[in-house]
Structures are given as structure tokens and as C-alpha cells.
Amino acid sequence: MGSFIGLSKRKWLLIYLVFIAAEAAIEIGYSLWSFSRIVDFTFQTTVFAAAIAFLAYLQRRMDEAKEELTQNRQKLQNIFDTLDVAIWSHELTTDALLITPGIEKLYGYSSEAFYRDLTLWRKVIVPEDLPLIEDRVRRTALGEAVTTLYRIVRPDGEVRWIQDRGIPVLDEHGRMTNFTSVLFDITDRKESEARYRSLVETSPDLVAVVSKGRLEYINPAGCRFIGALSPESISGLPVEAVLPGHVWSALRAAAEIATGEEGELKRLEFRFETPEGRASDVEITSMPILFEGRLARQIVGRDITERKQAEQTIQHMAFYDSLTELPNRYMIKRHMNKALSRKTDQTAAVLFIDLDRFKIINDTQGHTVGDVILLMVAKRLENAVRDAGIVSRQGGDEFIVFLENVGKEEAVRLSQRLLDEFLEPLEYGGQRYYVTPSIGISLYPFDGTDEDTLIKTADTAMYHAKARGKNNFQFYTPELLGVSSRKMELENGLRRALERQELTVVYQPQVELATGRTVGMEALVRWEHPENGLLSPGEFIPLAEETGLIVPLGKWVLEQACLQSREWQAAGFKPIPMSVNISVRQMEDDRFVDTVTEILERTGLDPRHLELEITESIMQNIERSTHILNRLKKLGLRIAIDDFGMGYSSLSNLKHLPIDTLKIDKAFIDDIDSQSEQGAMVKTIIDMGNHMRFTIIAEGIESESQVKFLIWNGCKIGQGYRFSRPIAAGLAERFLASESAHT
Ligand code: C2E
Ligand code: MG
Ligand code: MG
């Protein structure tokens with residue numbers, strides 16, 4: 001029983017009745033008083049009037065109650081309407097049927113239609129769903145409350161999903177006395193379910209539900225993952241029988257960790273062996289869900305093999321050189337850092353390698369050939385280093401070798417092995433390329449204790465190796481530090497050397513061996529560096545070539561040499577050829593031939609008295625070189641091949657070029673007097689050269705015995721300290737004078 005302000009419900013009812021009675025009495029009294037004013041007051045009339053007034057009062061109260069009921073009904077109807085619910089209640093004993101108005105919204109038929117035709121509800125069911133009704137009838141007859149989902153067709157043809165919960169009431173004899181149906185429209189839920197289902201069914205990801213160690217659900221993609229024929233063939237199986245053991249135990253472990261933390265998502269990665277035997281990476285997400293009222297785990301698996309591969313590719317690109325596949329500079333640094341942080345009393349060595357002559361190949365043959373050469377070099381380096389350390393490419397033609405647990409002797413042995421590896425030229429496309437390494441070595445912990453310092457000191461040592469004539473190795477010493485910073489200074493200084501007139505040209509006589517007469521002069525450039533003194537071309541020509549400064553520098557030398565030659569002629573000396581060195585880089589300049597033409601015109605030198613010395617490296621781009629040399633020849637000047645024998649050409653190759661002179665490299669001349677192979681080779685060069693009508697000049701003659709050997713073997717002209725070092729123009733006049741004296 002409830003109470004309100006201390007009074008019971010019954011008392012409230014009593015007060016209410018007293019209130020109504022009082023209200024009625026007042027109203028009746030008022031009616032009587034009005035009536036008595038019109039009609040003569042008798043007892044009968046009074047009673048009659050009182051009865052009339054009471055009836056009128058009752059009528060009004062009933063109208064009010066009816067109105068209230070209508071309103072309440074409307075309210076109820078509104079509630080059912082918005083809920084999409086209808087209730088169908090059939091009292092079988094009295095055959096009283098109650099259908100709530102919501103039925104109209106659900107079915108689209110009026111309530112009356114259902115009252116009229118008690119089988120209408122069944123008639124509108126989609127025929128395929130009718131068997132469900134039969135089953136339900138059978139079960140409710142036994143007193144079971146049954147929920148059935150079926151589709152109905154509305155008068156406008158729209159199909160809706162109905163959830164129908166039938167609740168029977170049976171008497172003690174098992175006879176049904178009441179049947180109530182609660183009907184919901186669940187079309188929206190069904191549609192979203194269908195959408196979800198189709199998403200899951202067509203998803204390329206594995207979606208599965210596992211409960212109590214059994215597979216409750218798996219989608220078709222999941223079946224493909226596992227290699228099962230169909231979801232039906234594996235649903236209900238223990239998971240161990242379906243998933244690879246390692247995956248399942250990891251998932252279970254993850255699930256255990258997640259226990260207690262509701263809804264926690266677990267993400268794990270696995271390597272699966274697909275049914276076709278392909279290894280694929282899978283990312284699995286596992287999360288607790290309610291599945292058909294039970295706690296279960298939903299597992300979503302995604303094939304991330306491609307993503308993994310892409311990650312690996314990116315990793316590879318970040319740490320490996322794309323051309324040679326060698327570790328790149330970042331990788332070697334990382335590797336060194338790790339190795340060095342482990343070190344205690346161990347030693348290690350860093351070899352910084354720069355290739356000699358590679359730039360020429362790259363410039364003349366193009367990058368495709370350059371790339372092939374680099375690949376071959378990488379192979380040779382790896383071949384020489386083997387397991388002793390790791391080889392990496394720094395970029396360009398620079399490589400770094402890191403040798404762990406290696407001391408000085410071992411570093412020497414390995415460097416020698418590296419040099420030996422390049423004794424044989426590289427061969428590609430029928431051509432031979434003489435590429436050699438210059439190696440700088442730094443030792444841990446003496447020359448540095450971290451990777452950056454060790455690389456820097458090895459780099460410095462490498463420059464020293466270059467300065468020592470390339471194709472060799474040098475260890476770092478602290479004194480070298482000055483050398484490499486000097487290189488940078490040089491680079492800057494060289495840019496300004498031309499403007500500041502710090503360059504000069506010296507001349508070295510070319511002498512007829514038999515008579516000692518001067519028959520030519522070679523112009524050689526020098527740099528009078530304001531701080532470093534006189535620098536030889538070996539120190540700055542490669543730099544000038546690298547930076548392109550060789551083009552203006554070479555032009556300047558050529559002009560100086562031509563002017564000097566004209567000056568000597570003007571002074572009355574007999575005209576002799578003036579040799580000028582031209583680097584390949586200059587020849588590549590499109591304006592080169594024009595530049596030579598201009599200089600000849602400007603200085604007025606007879607082209608017959610000019611000889612251009614080019615090196616064999618021009619042979620690497622034979623077509624282009626032939627074209628340029630032919631154009632130069634047309635100007636009427638002479639062409640010499642300098643440093644012959646060092647590289648790329650064979651005599652037969654030269655046959656096709658418009659060449660006048662061969663200068664045999666000093667390296668051959670050095671050894672000719674001993675009974676060496678060099679001697680035999682020089683003999684052959686001289687023989688063949690003479691046969692091909694080349695002028696042969698032997699370079700770097702220092703001794704009388706060399707002179708004799710050369711004369712004996714048919715070489716007529718020579719150049720070297722034996723006769724004169726390169727000297728200033730003023731001093732060179734002495735040789736011209738002696739020549740003149742002979743004529
Ligand atoms: P190169 O043209 O082969 O010049 C000969 C080099 O050998 C010269 O060195 C010369 O001083 C040196 N030499 C001559 N006789 C002897 C000797 O008996 N013993 C020894 N030990 N050396 C001797 P230099 O002047 O230092 O020039 C070196 C190279 O620099 C030249 O070799 C040439 O390739 C290049 N070069 C010099 N001047 C120029 C230039 O103006 N332009 C270009 N592009 N290159 C130049
Ligand atoms: Mg020369
Ligand atoms: Mg030479």
C-alpha cells in the first residue's frame with residue numbers, strides 16, 4: 001500500500017466521494033432554487049426537479065470520464081506507435097481478442113481488418129517463412145514461449161521483418177486458455193545485421209569468433225587463410241585443430257593477459273604458412289565480445305605480407321646501396337657503432353677506398369658503363385674481403401671496409417689482397433678498364449674511437465695514398481690531417497689562382513737522343529701558391545678536373561704556350577713544336593675545337609708548331625674522340641698520345657686515329673736497362689710505332705744507359721731529367737740557343 005501526506009488511499013477516496021457529494025448537493029440546490037422561481041413549488045415538482053438535476057450532473061461526469069479515457073488511449077497509442085510494437089492478446093475461453101493499434105503501423109492494415117479476418121496475420125507472411133510458423137504452433141501448443149523471426153508483405157508490397165514472441169497460457173489440462181503475441185518490427189536491425197554480415201562475409205580479412213576453445217564462426221576469407229573448404233566444415237571444431245599451434249597459444253596467452261580488462265584489444269603479428277606453402281605475415285587482433293549471449297573472442301586476421309615487404313624494402317633502401325646492394329654509409333656507421341661500443345681491448349681497422357681513374361670512365365663512357373664498373377668493383381672488393389669484414393659503398397667511387405678484431409699486420413695483408421684483386425683490368429663490352437683502388441687505413445683505437453673519426457682519418461690517409469701515386473695503401477698519421485685540410489684550401493685557392501696570376505708555365509725540352517739537339521718543348525703548368533710555394537700539377541690538376549676548372553685553366557696554358565712559341569720565333573730561334581697537355585675533360589667541352597682555333601688565330605702561331613698531348617683515356621669514347629681529333633687535325637696541328645702503355649689502348653687501336661706522336665710512359669723507361677720484361681715491351685712499342693710511322697718519344701729518361709738502350713732500339717727522341725727538368729721560359733732559351741747553334 002502506498003501513502004501520500006500521511007493519509008491512506010482509502011481515506012483519500014472517502015474525501016473524494018464527500019467532495020463529489022457536496023458538489024452535487026450544491027448544484028442540485030442551485031437548480032432547485034432556479035426552478036422554484038419559475039414553477040410553483042410543490043413537493044412532487046421538487047423531487048422531480050432534483051432527479052432531473054442529478055441525472056444531468058451524472059451525464060456530465062460521464063462525458064468527462066469518457067474524454068479522459070479517449071485521451072489516455074491516445075497517449076497509449078502514441079507510445080505503442082513510436083515503439084513499433086503491437087500486442088495481440090486472445091482470451092480463448094471467452095474468444096475476446098485485443099489488438100493494439102500499433103498493428104496498423106507494423107502491418108499496414110487497419111486493426112479492423114485483423115478483427116474481421118483472424119487469419120490475416122498468417123496470410124501476409126512470406127511463403128518461404130511459413131514453415132517457421134508451423135514449428136512455432138507446434139511448440140506453443142506445448143506451452144513453450146517461442147520467438148520467431150519472419151517476413152511479412154505489406155499492402156504496398158514492402159517486405160518487413162517481424163519478431164514475434166508468442167506466449168501461451170495453458171490450464172491444468174494442457175488446454176490453451178490465452179495466447180499473447182508481442183510483435184516488433186526489426187527490419188532496421190535485420191538490415192544492419194545483413195550489412196554487417198555481408199561486410200564480414202566479403203571481407204578479405206579473416207574474421208572468426210571463438211568461444212570456450214571452439215570455433216563458433218569463421219568467414220570465407222578465414223577459411224582461405226586456413227585452407228579449409230568451407231566455414232561449415234570447421235565451425236564448432238576445437239581451435240587447436242584449425243589454427244597453427246604457435247598462433248593459438250600466443251592468442252591464448254594474449255587473451256589471458258587481457259582478462260579482466262574488458263574490451264581490451266590485443267594486436268599480435270605472426271608468420272603463417274599458407275596452405276600453398278607460402279610464408280605470409282598476419283596481423284591478428286583479438287577482442288572479447290558477447291556472441292549469442294555468451295562471452296567469446298572475436299579474432300580479426302589481416303594478411304600484412306605486402307606491407308611487411310614494403311617495410312623491408314624501405315628498410316633496405318635506407319640501409320643498402322641500390323646499385324651494388326652493399327650496405328650504405330648509414331648501415332656501415334650503425335654497424336661500426338655497435339661493434340665499437342662492444343670493444344674493450346680489441347683492435348679494428350677501417351679501409352677507405354677511392355677508385356683511381358673511375359671519373360674518367362664515368363665521364364667518357366657514360367653512367368651506364370660507370371655503373372657496371374662499380375658493380376664489378378663491388379664484387380672484387382667483396383671477393384678480397386670475404387668474411388674478414390664488411391664492405392660498404394659510401395657513394396660515387398668510394399667504398400669503406402670495416403675489419404673487426406684486426407690489427408696493423410692483418411690490415412696490411414688485406415689491403416694488399418685488395419690491390420692484387422685489381423691487377424687484372426675489368427672487362428666490359430669488349431673493352432678493358434684499368435681501375436685501381438687507393439686505400440687509406442685508420443686503426444681503432446689509435447686513430448679514432450668512434451665511427452666518424454675513424455672514417456675521417458681513413459679518408460685523410462686515402463688522400464695521402466692518392467698523392468703517393470695512387471694504387472697503393474697508406475696508414476693514417478696525425479701529420480696527414482694538415483694534408484686533407486690543405487686539399488680544401490687548394491680547391492678554394494685554385495678558383496682564384498687564375499685571376500691572381502699565380503699560375504705559370506715551365507718548359508721541358510724534348511731532345512734528339514743521338515745528337516742532344518732540342519727538337520721540341522713541353523709546356524707544363526705550375527702553381528705558385530702564395531703560402532704553399534710551387535705546386536706540381538699532380539697536386540691540383542685532378543682537382544681542377546673534378547671541379548671543371550681545368551677548362552679555363554687549360555685554355556690559359558695553351559694560350560701561354562702559343563704566345564711563348566711565337567715569342568721565341570720572333571727572337572730568332574728556329575721554330576720547333578710546342579707540346580701542350582690537354583685533359584679529357586677539356587676535350588669534352590663542346591667549344592674545345594673553337595677555343596684552339598681562336599688561340600691559334602690570336603697568337604698567330606702556325607698550327608704545324610703546336611702538338612696537343614692527350615692521354616689514352618680518350619680511347620674510352622672512341623667515336624667522339626675520333627670526331628674531335630679529326631677536326632683538330634684539320635686545323636693542321638699535331639697530336640700526341642701521352643703516357644702511352646698505361647691503360648686503355650693497344651697500338652692497333654691507335655691506327656684509326658689521326659695521331660702523330662707516341663710518348664712512352666716513364667714507368668716503362670724506368671726499368672729498361674735491367675734485363676726486364678719492360679725492356680722487351682718498350683722494344684716492341686718502338687718497333688711497331690716506327691712501323692706505323694709515329695714519332696716515338698721516351699719520357700722520364702734519367703740515365704745514360706736508358707739513352708743508349710733507346711737509341712739502340714730505334715727510339716730517336718727523349719725527354720727527361722737526364723737532359724733537363726722543366727724550367728722557366730728564360731732558362732729554356734739556352735736549349736733553343738744550343739739547338740740553333742747546331743743548325
Ligand atoms: P706528363 O705530360 O707526362 O708530363 C711529364 C711529367 O714527368 C712532368 O711532371 C715532368 O716534370 C715529369 N718528368 C719529366 N722528366 C722526368 C724525369 O726524368 N724524372 C721524373 N721523375 N719526372 C720527370 P709534371 O710537370 O709534374 O706534370 C705531371 C703531369 O701533369 C703531366 O704529365 C701532365 O699529365 C699533367 N700536366 C702538366 N701540365 C699540364 C697542363 O697544363 N694541362 C694539363 N691538362 N695537364 C698538365
Ligand atoms: Mg705530357
Ligand atoms: Mg707523360
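Just so it is clear, the values below take in all heavy atoms, side chains as well, and ignore hydrogens, waters and symmetry mates. In listed order, ligands and their atoms are each counted from 1.
Annotation: I550 places no N or O atom under 3.5 Å from an N or O atom of ligand 1; distance criterion only. By the 3.5 Å distance cut-off applied to N or O atoms, R722 is not counted among the residues near ligand 1.
The salt bridge (charged side-chain N to carboxylate O under 4.0 Å, His left out) pairs that include a residue from residues 712-726 are E704-R722, where partners are two or more places apart or lie in different chains. Each salt bridge (charged side-chain N to carboxylate O under 4.0 Å, His left out) pair with one or both residues in residues 602-612, not counting sequence neighbours, appears once here: E559-R602, D606-R608, E611-R638.
Closest heavy-atom contact between I701 and G718: CD1-CA, 3.5 Å. Nearest approach of A729 to W568, heavy atoms of both residues: O-CZ2, 3.5 Å. I576 and S565 get closest at one heavy-atom pair: O-OG, 4.4 Å.
Within the structure, the closest approach of E545 to ligand 1 does not fall below 4.0 Å when heavy atoms are considered. Between G700 and ligand 1 there is a heavy-atom distance shorter than 4.0 Å. In this structure, R725 has no heavy atom closer than 4.0 Å to ligand 1.
Within the set V506, L524, V505, L553, the minimum heavy-atom distance to atom 31 (C) of ligand 1 is found for L524.
Short contacts between ligand 1 and Q586, defined as distances under 4.0 Å to a heavy atom of the residue, involve ligand atoms 44 (N). Per-residue contacts place V557 under 4.0 angstrom from the following atoms of ligand 1 (heavy atoms of the residue considered): 41 (O). Every atom of ligand 1 is numbered from 1 in the order shown, and the set under 4.0 Å from a heavy atom of G720 is 15 (N), 18 (O). Near E613, the atoms of ligand 1 lying under 4.0 angstrom from a non-hydrogen atom of the residue are 2 (O). Close approach of ligand 1 to S583 (heavy-atom distance below 4.0 Å) involves ligand atoms 44 (N).
Looking at heavy atoms from C-beta onward, I361 lies in side-chain contact with V369 at the 4.5 angstrom threshold. Contact annotation: the side chain of F644 never approaches that of D665 to less than 4.5 Å [non-hydrogen atoms, C-beta and beyond]. L632 places a side-chain heavy atom less than 4.5 Å from the side chain of I628.
Annotation: E427, atom CD; neighbour count of heavy atoms from other residues, nucleotides and ligands within 6.0 Å is above 12.
In terms of protein heavy atoms, atom 19 (N) of ligand 1 is closest to E702 OE2, 2.5 Å. Among all protein heavy atoms, the one lying closest to atom 12 (C) of ligand 1 is Y721 OH, 4.5 Å. The nearest protein atom to atom 11 (O) of ligand 1, hydrogens excluded, is given as P726 CG, 3.2 Å; this is a heavy-atom distance. Protein heavy atom at the shortest distance from atom 15 (N) of ligand 1 is Q508 NE2, 3.0 Å. Nearest to atom 39 (C) of ligand 1 among the protein's heavy atoms is V525 CG1, 3.7 Å. In this structure, the protein non-hydrogen atom closest to atom 46 (C) of ligand 1 is N581 CB, 3.6 Å. Among protein heavy atoms, atom 35 (C) of ligand 1 sits closest to P537 CB, 4.2 Å. In terms of protein heavy-atom proximity, atom 32 (O) of ligand 1 is closest to D642 OD2, 4.4 Å.
Ion pairing between a basic and an acidic side chain is recognised when a charged N comes within 4.0 Å of a carboxylate O; D354 and K466 show such pairing. A salt bridge links D670 with K666: the closest approach of a Lys/Arg side-chain nitrogen to an acidic carboxylate oxygen falls below 4.0 angstrom. A salt bridge is absent between R496 and E502: the closest approach of a Lys/Arg side-chain nitrogen to an acidic carboxylate oxygen does not fall below 4.0 angstrom. Note on E398 versus R329: no salt bridge recorded, every NZ/NE/NH1/NH2 to OD/OE distance being 4.0 Å or above. With salt bridges taken as basic N to acidic carboxylate O contacts below 4.0 Å, none links E421 and R380. A salt bridge links E410 and R413; the closest N-O separation between the charged side-chain nitrogens and carboxylate oxygens is under 4.0 Å.
At a heavy-atom cutoff of 4.0 Å, ligand 1 is contacted by the backbone of I701 but not by its side chain.
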Verdict with supporting geometry, R693 and D660, salt bridge (charged side-chain N to carboxylate O under 4.0 Å, His left out):
CA-CA 8 Å; R693 299 187 192 287; D660 305 280; over 6 Å; no
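Proximity of atom 22 (N) of ligand 1 to the protein is indicated by at least one non-hydrogen atom lying closer than 4.0 angstrom. For atom 7 (O) of ligand 1, the nearest protein heavy atom lies 4.0 Å away or farther.
Residues that satisfy the ring pair (Phe, Tyr, Trp, His ring centres under 6.0 Å) test with Y476, not counting sequence neighbours, are absent from this structure.
Near-neighbour remark for the Mg ion (ligand 2): protein N, O or S atoms under 2.8 Å are E522 OE2, N581 OD1, E613 OE1, D642 OD2; waters not counted.
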